[in-house]
Amino acid sequence: MKFLSLVGNSFGCSASGERLVSAARDGDLQEAKALLECNPRLARYSTFGVRNSPLHYSAAQGHHEIVSLLIESGVDINLRNYRGQTALMQACQHGHWEVVLILMLFKANIHRSDYLNGGTALHLAALNGHTRCVRLLLADYIPSIPDCWNILRERSNDSEPVSEFDECALHEVINRTADGGMTALHMAALNGHVETVQLLLDLGASASEVTVEDGTTIDLIGAGSTALHYAACGGNAQCCQILIARGASLTAENANGWTPLMVARSWRRNELEEMLSTQPEYEPKMCPSTYLSLPLMSIIKIARECGWRNNDLLTTCKDPCVVCLERACTVAAKGCGHEFCTWCALYLCCTFCTSAAAQGPPGSVTCPLCRHGIVSFVKLAETRRMVKTIGRTSLSLSFCSCSVEELEPTSVITPLCKPDFGCARISPLSSSFRSLSCQKFPSMKFNTKGCLGTPDTCPSLVPCNIDRNLREKLVRCSRLRLGRSTSSNAARRRRSWLSALNEYVTIGTGS
């Protein structure tokens with residue numbers, strides 16, 4: 001079984017599995033639903049060689065509805081391909097924040113690393129400048145409190161600890177290194193992603209982390225380089241300015257003895273020489289990143305607990321969400337008290353960029369109704385907890401299981417059917433299960449005296465006054481008939497049986 005899983009579970013279901021892969025890659029939701037209804041275990045299918053599952057393909061293409069469908073079908077959310085990448089890593093690589101949001105709601109593991117370069121989902125998001133994905137990946141580490149920005153900016157050991165804020169865990173996650181000692185900040189600075197660099201620095205990324213020599217990667221800058229060295233290599237002036245404002249050293253030398261200025265000159269970044277030559281006289285005032293979203297942790301916790309897709313029809317006594325006008329309100333903004341559905345609140349926290357115009361602390365999201373700064377969400381009193389269901393692919397592989405249910409007695413008298421057991425089967429075209437009990441045979445009785453060769457049979461199939469030799473010959477002929485099944489001996493068996501029958505008729509008539 002382990003070998004079958006290794007090659008991609010392609011024996012017996014490769015055609016359907018490839019159809020599901022194509023549907024996941026092309027975004028065909030109806031095709032994916034039909035295939036999973038017929039066989040929910042197709043969600044665990046993976047292609048031969050690269051071992052990409054339908055979840056990988058749908059996440060890489062940004063089809064969040066198919067991603068949600070596959071997860072609800074019971075697929076392993078942290079399944080790896082041949083490179084060790086998960087669906088979360090591929091979604092972050094391509095910047096599909098809606099897929100990242102759904103995967104985070106199902107608690108996808110953000111600590112998995114690539115087999116080839118040791119990079120995590122955070123490294124891939126920072127490498128390509130997908131700031132929204134970075135914000136979602138770190139949502140479980142940023143508390144929804146008004147003083148969060150001050151705590152992150154000061155980072156003093158004398159401050160009182162916050163119950164929802166583990167600063168050490170956040171520092172470890174955001175400064176985790178890939179091969180060569182490169183952090184997410186190194187990758188974002190190298191490619192000149194200003195918003196990502198600013199968000200990482202606001203959330204606690206260290207500007208003094210240096211790379212190491214591991215002997216496996218080609219480093220044109222050299223080991224011991226800081227993020228400012230990489231920003232000078234990339235040539236983005238805003239990244240260099242932000243890093244200098246956050247304490248990056250202009251005189252730091254790497255293993256080659258190069259400073260950031262020397263790196264800029266070697267890569268002919270002449271426009272950076274003045275900035276990297278002299279330390280600024282005063283520390284410039286930096287505004288918080290517009291991608292810092294404080295209420296994200298609170299709404300994600302509510303969505304995990306109570307669900308985020310309430311498609312039930314609204315009754316006349318309930319007010320719909322003012323944003324979508326389709327779903328019932330489930331959460332309220334703490335402060336202004338305006339009510340929204342869970343999905344609209346999630347969309348608000350993920351898409352809207354915070355601004356200084358909001359009447360709230362830095363990192364608060366502007367309410368679309370009153371322009372008040374939202375720091376956190378609270379669930380309404382009538383919002384119920386979500387009932388967790390078991391994934392369909394976690395069922396036993398056998399499609400028939402016996403259930404001990406007492407059936408009504410019938411007139412069947414035979415040991416071939418045990419009336420105390422039923423048979424429950426899985427309906428292949430529906431997600432629900434129907435119990436189809438085995439019905440007994442129709443009302444009938446078997447005559448136990450009708451067996452061949454019983455001496456007290458009445459009427460007898462074989463006369464009792466027949467010679468013993470003739471009876472043995474008939475038995476041999478009957479065995480010959482039952483023992484051979486080839487067409488070439490059919491005529492021989494027929495002739496032997498007819499000759500025995502003629503001899504029986506001759507003896508019985510006395511001729």
Side-chain angles (χ1 to χ4, degrees), residues 64-75 77-78 87-88 91 97-110 132 135-146 148 162-165 293-352 363-369 372-392 394 431-432:
H64 61 278
E65 294 181 349
I66 299 182
V67 169
S68 179
L69 175 66
L70 291 169
I71 295 175
E72 292 174 355
S73 299
V75 69
I77 195 173
N78 297 313
L88 179 63
W97 66 268
E98 290 182 330
V99 176
V100 176
L101 174 60
I102 293 177
L103 293 174
M104 292 301 297
L105 290 175
F106 283 95
K107 298 182 179 181
N109 191 348
I110 68 172
R132 290 179 180 176
R135 176 170 57 181
L136 287 169
L137 291 173
L138 302 174
D140 290 333
Y141 297 91
I142 310 301
S144 300
I145 55 177
C148 182
V162 181
S163 59
E164 297 180 353
F165 185 30
S293 180
L294 294 184
L296 196 56
M297 174 188 280
S298 62
I299 190 60
I300 284 182
K301 285 186 176 181
I302 296 175
R304 289 172 178 171
E305 180 181 354
C306 305
W308 74 95
R309 293 186 305 178
N310 185 13
N311 296 325
D312 298 337
L313 295 178
L314 297 175
T315 58
T316 57
C317 61
K318 290 185 178 180
D319 294 332
C321 175
V322 295
V323 178
C324 64
L325 299 176
E326 296 178 355
R327 305 177 184 89
C329 294
T330 54
V331 296
K334 193 174 182 179
C336 62
H338 287 118
E339 299 178 356
F340 307 92
C341 67
T342 307
W343 179 252
C344 289
L346 283 169
Y347 194 86
L348 181 68
C349 295
C350 294
T351 56
F352 281 32
S364 58
V365 178
T366 305
C367 178
L369 301 178
H372 184 273
I374 302 175
V375 177
S376 64
F377 287 93
V378 293
K379 65 179 180 180
L380 300 178
E382 59 270 15
T383 304
R384 299 179 181 180
R385 295 176 61 92
M386 180 179 58
V387 179
K388 296 182 179 181
T389 57
I390 302 176
R392 290 179 289 176
S394 62
S431 59
S432 60

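Please read these numbers as outputs of a predicted model, since none were measured by experiment. In what follows, residues are counted from 1 in the order of the sequence shown.
Taking CZ of Arg385 as the start and NZ of Lys379 as the end, the distance is 6.0 Å to the nearest 0.5 Å. In this structure, CG on Leu88 lies 5.5 Å from CG on Leu103, to the nearest 0.5 angstrom. Between the CG atom of Leu105 and the CG atom of Leu346 there is a distance of 6.0 Å, given to the nearest 0.5 Å. Atoms NZ and OG, from Lys301 and Ser376 in turn, are 11.0 Å apart once rounded to the nearest 0.5 Å. Rounded to the nearest 0.5 Å, atoms CD1 (Ile374) and CZ (Phe377) are 4.0 Å apart.
Aromatic ring pairs are classed by plane angle as parallel below 30°, tilted from 30° to 60° and perpendicular above 60°; the pair Trp343 and His64 is parallel.
Between Leu296 and Arg135, the closest side-chain pair of non-hydrogen atoms falls below 4.5 Å. Residues Pro295 and Ser293 are in side-chain contact: their nearest non-hydrogen atoms beyond the backbone lie under 4.5 Å apart. Counting heavy atoms from C-beta outward, Val378 and Val331 have side chains that stay 4.5 Å or more apart. The side-chain heavy atoms of His338 and His372, taken from C-beta on, include no pair separated by under 4.5 Å. Proximity of Val75 to Ser73: side-chain heavy atoms (C-beta onward) are nowhere separated by under 4.5 Å. Side-chain contact between Ile145 and Leu294 is absent, with no heavy-atom pair separated by less than 4.5 Å. Cys324 is listed as a side-chain neighbour of Cys341, based on a closest heavy-atom distance under 4.5 Å.
Across all non-hydrogen atoms, the minimal contact from Cys321 to Phe340 is SG-CA, 3.9 Å. The two residues Leu136 and Trp97 come nearest to each other via the heavy atoms CD1-O, 3.4 Å. When all heavy atoms of Leu380 and Cys329 are compared, the closest pair comes out as CD1-O, 3.4 Å. Closest heavy-atom contact between Pro143 and Met297: CA-SD, 3.6 Å. Shown here for Pro320 and Glu326, the closest heavy-atom pair between the two residues is CB-N, 4.5 Å. Taking every heavy atom of both residues into account, Cys367 and Cys336 meet most closely at SG-SG, 4.0 Å.
A distance-only check finds no donor-acceptor pair linking the side chain of Thr342 to the backbone of Ala303 [under 3.5 Å]. Within the 3.5 Å criterion, the main-chain N or O of Met104 finds a donor-acceptor partner in the side chain of Arg304. Side chain of Thr366 to backbone of Gly373: no donor-acceptor contact under 3.5 angstrom is found. Here the side chain of Ser144 pairs a donor or acceptor atom with the backbone of Ser298 at under 3.5 angstrom. In this structure, Ser68 contributes its side chain and Glu65 its backbone to no donor-acceptor pair below 3.5 Å. Counting only distance, with no hydrogens or angles, the side chain of Asn109 and the backbone of Asn78 share no donor-acceptor pair below 3.5 Å.
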Check against side chain to side chain contact (heavy atoms under 4.5 Å, CB included), Leu101 and Arg132: CA-CA 10 Å; Leu101 174 60; Arg132 290 179 180 176; over 6 Å; no
Take Ile77 and Leu70, measure what side chain to side chain contact (heavy atoms under 4.5 Å, CB included) needs, and give me the verdict at the end. CA-CA 9 Å; Ile77 195 173; Leu70 291 169; over 6 Å; no
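Remark: the Thr330 side chain and the Thr383 side chain contain no N/O donor-acceptor pair separated by less than 3.5 Å.
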